[in-house]
Amino acid sequence: MTADQKKRLKKGLVQPILNWYRKNKRDLPWRSTRDPYKIWISEIMLQQTQVEQVIPYYSRFLNKFPSINTLARSDIDDVLKVWAGMGYYRRARYLHEAAIIMAERHDSKIPSNYELLAALPGFGPYTCGSVLSIAYNLPYPAIDGNVTRLISRLFKIESDITRTAAKRTIENIVDNLIPMNKASEFSQALMEMGATVCKSKKPKCQSCCCRKICRAYNEMSNPEILPIKTKKKRNVHFHIAAGIVRNGNTVLISKRPENVILGGLWEFPGGKKEKKESLGAACVRELESKTGISAKIVRPLMSIKHHYSHYSITIHFFCCSYSSGRVDTSISKWVKIDDLDKYAFSKVHQQIALKIRDGGC
DNA sequence: AAATCGGGGAT
DNA sequence: ATCCCAGATTT
């Protein structure tokens, strides 16, 4: 990029975007603070998660863990409890681990240096760039899905944006656009443009402040086809059988191991049905292997279909009665029905917990 | 480069 | 149904 091109882009693109942002930015909770800790929490929560979904979790999290030190000293189970229902639970684990490292090695502060930041768990290219620019006003690009879409259209990038070369191209463009001493505003402005104007479907090109210089708008019949992205392969489907084992006013729950889907969360124990196996048999078998007890099926309670990113499941829940055996207390435990709300469950199991409290099973 | 990792909203 | 969302890590 020549100095002359840069100058032209500054006038025709950077300044209009900054002006547009000042007038049109949404009033979001993390925009009323300059506390790097709070900005960090918001950035992690917003990964692959919509703004509306994050807002209630954000305030609850900061209320419970108001500082790096409170987070670092907390138990991971308490962090997961606050996170429960938001998905991508490894984010909570990385937050906790990073807070511990910051407390131990960085004077309980978030580093303002790229290399130190990138060495922390959960700090990839985007999060490093967003924290450095938004919290510290340093000139690093924060390139998320919104920015990728916006830039690919403004500059008509028709190569596959999942590939490294295209990512590098976009990063170079943004890097060259960052205005002096306005990195914080600029990062947020680019993302806000992508989120509210240059949307994936039905972009608001007519009211876009970059309309005059947008190559996709001016040169293509349909700017919506950008960015180009390779398609993900289709989903697989599984059947899961899970048991709700009541014993008096208690119920049996198990903790999922780390490093698996929904890792570290509690659940009503169960697992995949095998071929040529009935759901009831699968339930009894899984209860035995996961908790150590033998149980009998009383009746089916309900089945829930659920979609994850790369596969979908149907979980068949059965009301069961305890027969014999002792629970393997390293993984499973009997808990009072009234105490179910003290444990971190995924959305599906939260539904079941509610049903049990309301007298189901 | 591709797979893994949740849940919800828009179309 | 399919894609997308303020992505990072592992394979």
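Just so we're on the same page: letters track the sequence lines, and every chain starts at 1. Remember, predicted model here, so these are calculated numbers, not experimental data.
Straight-line distance between the P atoms of B:dA2 and C:dC3: roughly 16 Å, to the nearest whole Å. A gap of 14 Å separates the P atoms of B:dG6 and C:dT10, to the nearest Å.
Atom CG of A:N146 is separated from atom C1' of C:dC4 by 10 Å (rounded to the nearest Å). Per the geometry, CZ belonging to A:F186 stands 15 Å off C1' belonging to C:dA6, to the nearest Å. Remark: P of C:dG7 and CG of A:L46 are 8 Å apart, rounded to the nearest angstrom. Here C:dA6 presents its P atom at 7 Å from CZ of A:R149, a figure rounded to the nearest Å. Per the geometry, CE belonging to A:M193 stands 16 Å off C1' belonging to C:dA6, to the nearest Å. Separating the CE atom of A:M191 from the C1' atom of C:dG7 is a distance of 12 Å, rounded to the nearest angstrom. Summarising the geometry, the separation between CD1 on A:I170 and C1' on C:dG7 is reported as 15 Å, rounded to the nearest angstrom.
Residue A:W30 is classed as a base contact, given a heavy-atom separation below 4.0 Å to a base.
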Fill in the blank from the handout: Once base and sugar-phosphate atoms are separated, protein heavy atoms under 4.0 Å mark nucleotides 4-11 of chain B, 5' to 3', with B, S and - as SBBBBS-S
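By the 30° and 60° cut-offs, the orientation of the rings of A:H349 relative to A:F317 is perpendicular.
Remark: aromatic rings of A:Y308 and A:Y311 are close, center separation under 6.0 Å.
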